[in-house]
Each structure stands twice: as C-alpha cells, then as structure tokens.
Student: 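Following this message is one structure expressed as structure tokens.
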Amino acid sequence: MVQFAQVIVDVPSLQTNRPYDYVIPAVWQAQLQPGMRVVVPFGKGQRQVQGFVVGTTAAPPDYNGELKTIAAVLDLQPVLNPELLALAKWLAQWTFAFQISCMQTMLPSVMKASYSKKVRLTGAATVATTAIFHDQTELDFADLAPEVIKQLLKWQQQHLVEVVYEVHDRAKVKTLKAVQPLLTAADYTAAAAKVPANAKRQHELLAFLAAHAAAKAPIPMHEITATTELTLAPVHAGVAKGWLRLVDLETYRDPYAELASAPRTQPLTLTAEQATAVQQITAAGEQKRDQVFLVEGVTGSGKTEIYLQAIQAAITAGRTALMLVPEIGLTPQMVARVRGRFGEHVAVLHSGLSTGERYDEWRRIERGEAQVVVGARSAIFAPLQHIGLIIMDEEHESSYKQDEMPRYHARDVALWRAKYHHCPVVLGSATPSLESRARAQKGVYQLIRLKERANHQPLPEVTVVDMKNELKKTKEDNFSSLLLQELRKRVLHQEQSVLMLNRRGFSSFVMCRDCGFVLQCPNCDISLTLHMDTHSMKCHYCGHEEAIPQVCPNCQSRKIRYYGTGTQKVETELHTLLPEARILRMDVDTTRRKGAHGKLLRQFGNHEADILLGTQMIAKGLDFPDVTLVGVLNADTALGLPDFRASERTFQLLTQVSGRAGRAEKKGEVIVQTYNPEHYAIRLARHHDYEGFYKREMTLRHQTGYPPYYYTILVTASHEEENEAAKKIFQLMTQIKPALSKQAILLGPTPRAIARVNKRYYYQMVIKYKREPHLQQVLTQIMQENQARHGIQISIDREPLSFI
DNA sequence: AGCACGCCGACT
DNA sequence: GTCGGCGTGCTC
C-alpha cells in the first residue's frame, strides 16, 4: 500500500524545483498515481498550492521533518502519463527551466490552478469590522488597500478574522442538460390519462417521452426545445412526478463543428517521387525506427499529400500521428484538408481556441478518441499514445521555438518523443533550416528531395525591381511603376494579387520633423510604435501605452509626424494610386479578434477583394487559385539587422511568398522590390535555388563560426541597475570560461541591443561550442547558485533564435 | 512565489 | 525601549 507521494509544487523557483514528500490520506491510497494533480499545504501558515504527483512509495521517505498530508486530489486519472512525466524532467534540464513550468506548458492552461487569498470574519461583527467588511463575511486580499491589510493582520492575531487560501481548479467539463425517460411507453400513456386535459404541455411531454421511451438514452434539452414547444418548466414537473430524470451529459466544445461534415477526400495518386517518400517513411514506421526524414520540396511539390498518406499508414498499423504546423499556417484550409481525410479522428490544437475548447480537444486526445492531432508548437505535448509518426511542416519556422520559459524548440521535443515511441519524424520544408539541412548532409537525417511539382506547373517568374533607380523616377517609395502596372492589369482581368509588406526589423514611429525627437518608452530603450486602431503609442516590449502627441514634447513643434511604413499607410497610398481596386488588409491589427484571420481569408477566397495586403502572415499556407501576382514591397528590411540569420530569413520569406502565385492552372508572377538586388539571398530566391543558397550560406557560416557549425547558448543577466547586471555577467563569464575547452568561443559580454526593457538592464554573452562535456553541468550550477537574489535575474537560452 | 525570521534605524 | 524596513533562507 503506497502511503507517501512525491509532489512537484506550483512554486516556480529554483529552490523549489524538486519533489517534496507528502502523506497520502488513507482514502486515496489505492487511487493516487503519478501524473495526478493535487492540492498540498506548502510553507508556513495556511498556504496551499497545486502540485503534480511524480512518484509514490510505501516506505517513509528519508526526511527528518514532519510530513504534511495531501489536502485534495484534483484528478481521477493521471493527466500526465509516464512518458510525459519523463519528458517534463528531461525538458527542464535541457532548457534550464523549472519542472513545474514544463508540466504546465504540456497541459491546457485551464488545468493550472488559480489562487486566491481571502480574509474571513470568524466572530460576530463589531462596529470596527463592519467598517471594513460592511455586510460581507469574506474579502479578497487582491481588492484591499495596504492600510486595510495591516489592520486585518492585527485582527488575525486576535483571532477576530482568519486568512484562508483557496486553490481553484479551472478545468471544467462542459455539460448539456438532457432528459432521460424512466418509464415505458405504456406507463406514459397510462400517466397521460390521469393528467388534466388542460395541462397541454404535460401531455406534450408525455407524448414525447412515450415516443422516446424505448431508447432509454438521454435526449439533450436543446434538441427537445428545437423540435417541440416544450421548455424546462414542464420537464421539471416531469422530474417531480418521477417520469424522467434530468442528467448532465458531458460534451465537447467543437471549434470545427462546421468542418466535421466536410466531405471525405480520397488519397490522391502520388507521383513517383511522392510514392518513394511515403514508402520510406512508412517502412521506418513499420520497423519502429526513430529515423528523421527531411522532406525538402518546393511549394506545390505535394508535401501535404505525403504527410496524409504516411499518417494513414500509421493509423492502419494501429498507431497514432502528430502533425505540427506553424501557428500561422494552421489555417481553416489546412484543417479542412486533414479533417477531410480523417474526419472525426482528428483533434486540432491552436491558440485561436478558447481555453475551454482547447481543454476539450485535449480530453478527446487523452481518452484516445482522436488518432490524429494537428496543432501548433505546444501540440507536440499532446497526450497521444502509441505514436507512429510525428510530422513538422515548415520545420524552419521560428514559431516552433518558444521565447519564454521553458524556451524549448518543438523539434527537440519531437525527436525525444520519437525516440520514446520508436517512430519516424518527418521534417518538411521548401526552405529547411540550415541546421536540419546540414544534419541531412551528414546523414543524421535522411534527405528526401522532391524536385518536381505535383501539378507539373512551372514555378512562378520572379522579377526583382531595384528601388534605388525607382526612387529617382517617382516620388512614391512603396510602389514601383512595374508593380503598379501589373496590379492594374490584374484588377482589369479580375485576377487577384497578394502584396506583402515585410515588417521585420521595422516599425512605425513618431518623429518631430523640426528637432528629430522620437517618442521613447519610459521603461525600455526603444521607440514607441504607432497604433492607428487604438489611436495610441505602444511599446512592443513592455506594453506601455500613451496618447499620440499633438505637439513635439521636446520643441513644442506641431510638425511631429508618423514615420516608417505600416500596412495602413500602404493601404491608403494604394487607394489613391488604384482607386478601382478592392483591398483587404491583413495584419496584427485586423486579425486580433478571434476568427478574424479566417474571415479575411474567406472573403478573399470569395473574390470580395482584388488585393490582399498584409505582413509576413500572408506568406504562409494560403492557397488561392486565382492569385496570379505576388508583390513584395520591401524584400530587404531584415537584411540590415545585425543577425546572422538575416539572409536565411529573407530567403525563406521570399521563397515562401513566391509560392503563393499561380497555384492552379494560371501562371503566376512575382515582383520583388528591393534596395539590394545583388544580395545573394534575393538573387537565389529569384531562381528558387534553395540548394544554391544552402551552399553559399553554409560557407559563410563556416567562415564566421555560426550555427550549424557551432551550437549556441545565450546567457543573460538583468538588474534594475545597469552596472549590477554588467558586474554579474562578467562574473558568470569567469565562472564559465574555465569549464570550457579551447574549441569553445565566448562572445561578449555585451549589453543587449535594447539594453533596457521594463526598467531592467540586460547584459548577455553567447557561448559557441561543438562538444563541451562540462557545459550542461556548469550552467545548471549557475542557475542554482543565482536564485533571483539581490535583484539579479539570470536566464539561459539554448539555441536562441537571435542574439539581438 | 510567499512568508517568517532577524538585524538595524526612527518613532510613540 | 518598540515598530517596521527589507535582506536571507526555507518550504516535505
């Protein structure tokens, strides 16, 4: 009989990043299993926190203090299975994060408890207490002023009030009220005879019950109200008379209800290349090899069909499949495609779902009701069992890396799970990350190259326009004459165009034309960005918001204007230049509302607009047959950034956006505007030459010593005082340096590009290395020694996406 | 993260 | 002398 449990508590700090022992109450000893959530007392006082059981034992643990007892068990079944528990442990070490943070990232957010601290009146109310409590007996600390809290704490010592801690489990199952007939049809007919004739509704209810008595199954109330005149009132009367029972039916919130009935599609005929790819992947699955395939294929080479057929094979073999898609690529089109093939066996997880919807999808997976999971980054933690295949589409996408704790890359998690389940991983992309492509070169991954397009269409023609010349010709800085002319042509022929404004490394700010003053964030060293939708200036780092200035705060001039190019400005400009064109704008401002993204795409698909204007988000995953022109307004804004991945990002973006043109029978054309037409990223993207780009960029990375030739780790120290942060990072350097071999390279320490964010100063250093057996241990030790003391914060980011 | 304990300065 | 500031350390 197990009597003791090891619990990871919901206190995200380094000192508490380990299991604590608790006594299991006798009633739970038979049921409690690792992976269940519990509520436990923790620390002095009455504080209670949520925790995860990670182990149970019969023998008393080796602990000299007095053990506390588990206060409540929140689950009947473990929410983390043994695999996910092991994964959480590994992930915490790998990303230098807390185990509790890893566990919470794996689960729908509603399963993280919310806490409240309240003060309750214990004795009779007095004049003094009434002044604070009024007619209430309980107050929430969060609503109280500091002076009031002081008074209450005094009363607590006199036992006039008590402080209580509440742990709320927010995971609520959605239920439907349903009517369950209890009697037979004959009984109902008999009962009807005794009911007065004027009780019309009761007769109707009895007739309804008689008709459904045979099935005995509960009928959801909403179905009853939809088909009859009955309401809840007569049903309650029926309950009182013992005719029926009202039950709560568990149900799921189905975000894709309208797609459930999507017509089922049949597997398409594969090209020879595709067939070989499917065969190789399937073979690895059958042999239970955790092999990684890198499928490199241009847009239209039919990667999705390969995924679908490989998934089909996994399901046929009685296993499940996990498919990751970048958040932005998780369009209704993509979901429809997977649902079309696998119907209700598919569960979808992405950030557009409400927390309740997400929880329900998660439960469906956990219960084994879905064999295929499609989702964005965190879906890699889906509680699927017997995984037979993991797919990562657009594997180069930066959204697969989480930029907050735990800073994990979904690819690393995918590889871990594949090893656990002995199943293959498929990484797919038209422009693989250099890391993955290099691994394929070395034979660590198996490279599958798709050289032809499934529809045998030629790739679109790409024209590069040198904006340096264009600027001399016209005053317009956003539109070249060629692009305008081609846009006009498309509007005339009722064909559609997509325009992309590259916003990376770029923002719209307010500057005074007289004195050059730029409005800055008071907390961070960065300009505020203009937001026309809210008519305010916002800081993208800390969220600070203020009004748009009418006069320059520095010189009082009225000539304070908006600088930089935003989609709104381009839209206005385009309206003037092409008044006949109908324009749809898609950017963070117009897609913030839930479902807005899909709605805009639907409108464009229905030809409600001629031109779709947007930021990077339009580059991915859209598939509109009537788009014959794609324009990139500013291809090179990212090239100027001091980031070693700038060229790679630019190449990927241009290739991806080019793929949006001419996806059906119509031939597509791409116009790329740039100030750097000679740059190799632009030149090679123009010729759709990924392999050429790969070779060129690898040479450069080799020369400069960057990934994939080196692994990288970013160490950051921050403090409210600039010199404290600097002092700390130098101290860390002296600590790390002796543990490294001569092959490792230390960059920095340096202040971060945006040195101050949210009133804190950031200093960082980058470790570049190939093989450092002691590094993990030293960094783990550093994290443990520097436990948020003296106001210093340390963070470690393995393989950061950028150093700036 | 909270919370208590403990050691220094400014008050009834 | 005590109240309370926050630096330090612990939570099964």
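Source: prediction; values computed, not measured. Below, read A as the first sequence line, B as the second, and so on, with proteins coming before strands; counting in each chain starts at 1. Quick note: numbers below take in every heavy atom, side chains included, and nothing from hydrogens, waters or symmetry partners.
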Student: Rounded to whole angstroms, how far apart are CD on A:Q48 and C1' on C:dT11?
Tutor: 14 Å
Student: Side chains of A:Q104 and A:D10 only: does a donor on one sit below 3.5 Å from an acceptor on the other?
Tutor: yes
Student: Is a salt bridge present between A:K68 and A:D21, judged by a nitrogen-to-oxygen distance below 4.0 Å?
Tutor: no
Student: Give a yes/no answer on whether the side chain of A:K117 brings an N or O atom under 4.0 Å of OP1 or OP2 in B:dC3.
Tutor: yes
Student: Atom CZ of A:R18 and atom C1' of C:dT11: how far apart are they, to the nearest Å?
Tutor: 8 Å
Student: Write down the distance between CD (A:E724) and C1' (C:dG7), rounded to a whole number of angstrom.
Tutor: 14 Å
Student: Nearest-Å distance, CD (A:Q15) to P (B:dC3)?
Tutor: 16 Å
Student: Would you mind reporting whether A:D412 and A:W94 have side-chain heavy atoms less than 4.5 Å apart?
Tutor: yes
Student: Please determine, for the side chain of A:Y165, which listed nucleotide (B:dC3, C:dC12, B:dA1) has the closest atom?
Tutor: B:dC3
Student: Does the side chain of A:Y22 get closer than 4.0 angstrom to OP1 or OP2 of C:dT11 through an N or O atom?
Tutor: no
Student: Of all the choices, C:dC12, B:dG2, C:dT11, which nucleotide is nearest to the side chain of A:T16 once you look at every atom?
Tutor: C:dT11
Student: May I ask you to say what A:E66 touches in the nucleic acid, namely base, sugar-phosphate or nothing, with a heavy-atom cut-off under 4.0 Å?
Tutor: sugar-phosphate
Student: What is the distance from CD1 of A:I792 to P of C:dG7, rounded to the nearest Å?
Tutor: 14 Å
Student: For A:Y115 and B:dC3, give me the distance from atom OH to atom P, rounded to whole Å.
Tutor: 13 Å
Student: Are A:F4 and A:Y22 near enough that their ring centres are under 6.0 Å apart?
Tutor: no
Student: Measure the distance from CD on A:Q46 to P on C:dT11 and round it to the nearest whole Å.
Tutor: 17 Å
Student: With the six-membered base ring of C:dC12 as reference, does the ring of A:Y63 sit under 5.5 Å away with planes under 30° apart?
Tutor: yes
Student: Taking OP1 and OP2 of C:dT11, is either one under 4.0 Å from a side-chain nitrogen or oxygen of A:K44?
Tutor: no
Student: Can you tell me how far P of B:dA1 sits from CZ of A:F98, to the nearest Å?
Tutor: 7 Å
Student: Quick test of your reading of the model: are A:D143 and A:K118 salt-bridged, counting only N-O distances below 4.0 Å?
Tutor: no
